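Here the structure is laid out as structure tokens; the discussion comes afterwards.
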Amino acid sequence: ETGVTQSPTHLIKTRGQQVTLRCSSQSGHNTVSWYQQALGQGPQFIFQYYREEENGRGNFPPRFSGLQFPNYSSELNVNALELDDSALYLCASSSGGQGSYEQYFGPGTRLTVT
Amino acid sequence: GESVGLHLPTLSVQEGDNSIINCAYSNSASDYFIWYKQESGKGPQFIIDIRSNMDKRQGQRVTVLLNKTVKHLSLQIAATQPGDSAVYFCAETNSGYSTLTFGKGTMLLVSP
């Protein structure tokens with residue numbers, strides 16, 4: 001186990017709704033990255049937070065937003081859900097911000113949008 | 001955009017065989033590569049990494065080979081065990097960047 005936890009495990013939402021996913025990073029890690037993994041695909045980078053600031057963003061629209069708290073836990077918020085947002089959402093924690101390559105992944109939150 | 005890809009979507013082997021999983025990358029600026037193992041219902045698990053100034057790195061039962069000339073990466077698993085059954089992803093990144101670019105994955109199936 002990596003020590004990275006995510007909640008909830010599974011979630012079902014309706015198109016147009018909003019969702020918040022949560023991640024607790026491994027002890028001692030100050031960086032959290034979020035990924036979206038569609039079925040049968042590799043994870044796609046959404047964004048990263050380092051010391052409470054966004055530290056890089058992938059090719060995702062602004063309705064994907066995030067937060068990092070002083071204890072380095074993080075939230076991923078998705079507004080105006082679309083069917084294509086159905087995926088496994090992974091968070092990964094690491095230390096040191098940019099250049100901190102070894103990322104420890106949580107088990108993910110499975111989001112289904114109907 | 002540039003991305004990491006894998007040649008074989010599924011690899012079936014017998015227990016005790018050696019397995020080789022291949023990966024092609026297209027971003028010549030990438031200088032760090034990682035192999036992850038993902039079991040059903042779990043997040044990706046770090047296996048082994050390699051920097052672009054190396055062409056081979058060995059771990060416990062695993063070896064990663066990097067050929068920068070043809071932009072090819074491989075993961076070799078010795079004496080494959082049923083517990084090795086999972087999806088394997090290669091990922092690449094560039095020094096100073098925060099993002100990992102993953103390929104689609106190869107499913108490794110190990111028969112007893």
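Letters go in sequence order (proteins before strands), and every chain restarts at 1. Because only heavy atoms are used, hydrogens play no part in the values below, and waters and symmetry mates are left out as well, while side chains stay in. The shown structure was predicted, so the numbers you read here are calculated from the model rather than taken from an experiment.
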_Please determine whether the number of non-hydrogen atoms from other residues, nucleotides or ligands lying under 6.0 Å from atom CG of A:L39 exceeds 12._
no
*asked:* Looking at every non-hydrogen atom in both residues, tell me the closest pair between A:L90 and B:G43 and how far apart they are.
replied: CD2-CA, 3.9 Å
*Given the rule that I, L, V, M, F, W and Y join up when any side-chain heavy atoms are under 4.5 Å apart, are A:L67 and A:V78 in one cluster?*
no
*Do the side chains of A:F45 and A:L76 join up, straight or via other hydrophobic residues, at under 4.5 Å, putting them in one cluster?*
no
*asked:* Is A:L88 in contact with chain B via its backbone, its side chain, both, or neither, using a 4.5 Å heavy-atom distance?
replied: side chain
_Proximal component of A:Q6, with respect to chain B [non-hydrogen, under 4.5 Å]_ = neither
*Cluster question for you: counting only ILVMFWY and a side-chain heavy-atom cut-off of under 4.5 Å, with indirect links fine, are B:V62 and B:L65 together?*
no
_Less than 4.5 Å apart, side chain to side chain, heavy atoms only: is that true for B:F89 and A:P43?_
yes
*Any chance you could measure A:Y35, atom OH, to B:F102, atom CZ, to the nearest 0.5 Å?*
5.5 Å
*Between B:Q38 and chain A, which part of the residue has a heavy atom less than 4.5 Å away: side chain, backbone, both or neither?*
side chain
*Heavy atoms, side chains only, cut-off 4.5 Å: are A:Q103 and B:T93 in contact?*
no
*Got a sec: does the CG of B:L109 have more than 12 other heavy atoms crowding it under 6.0 Å?*
yes
*State whether the number of non-hydrogen atoms from other residues, nucleotides or ligands found under 6.0 Å of B:R61 atom CZ is greater than 12.*
yes
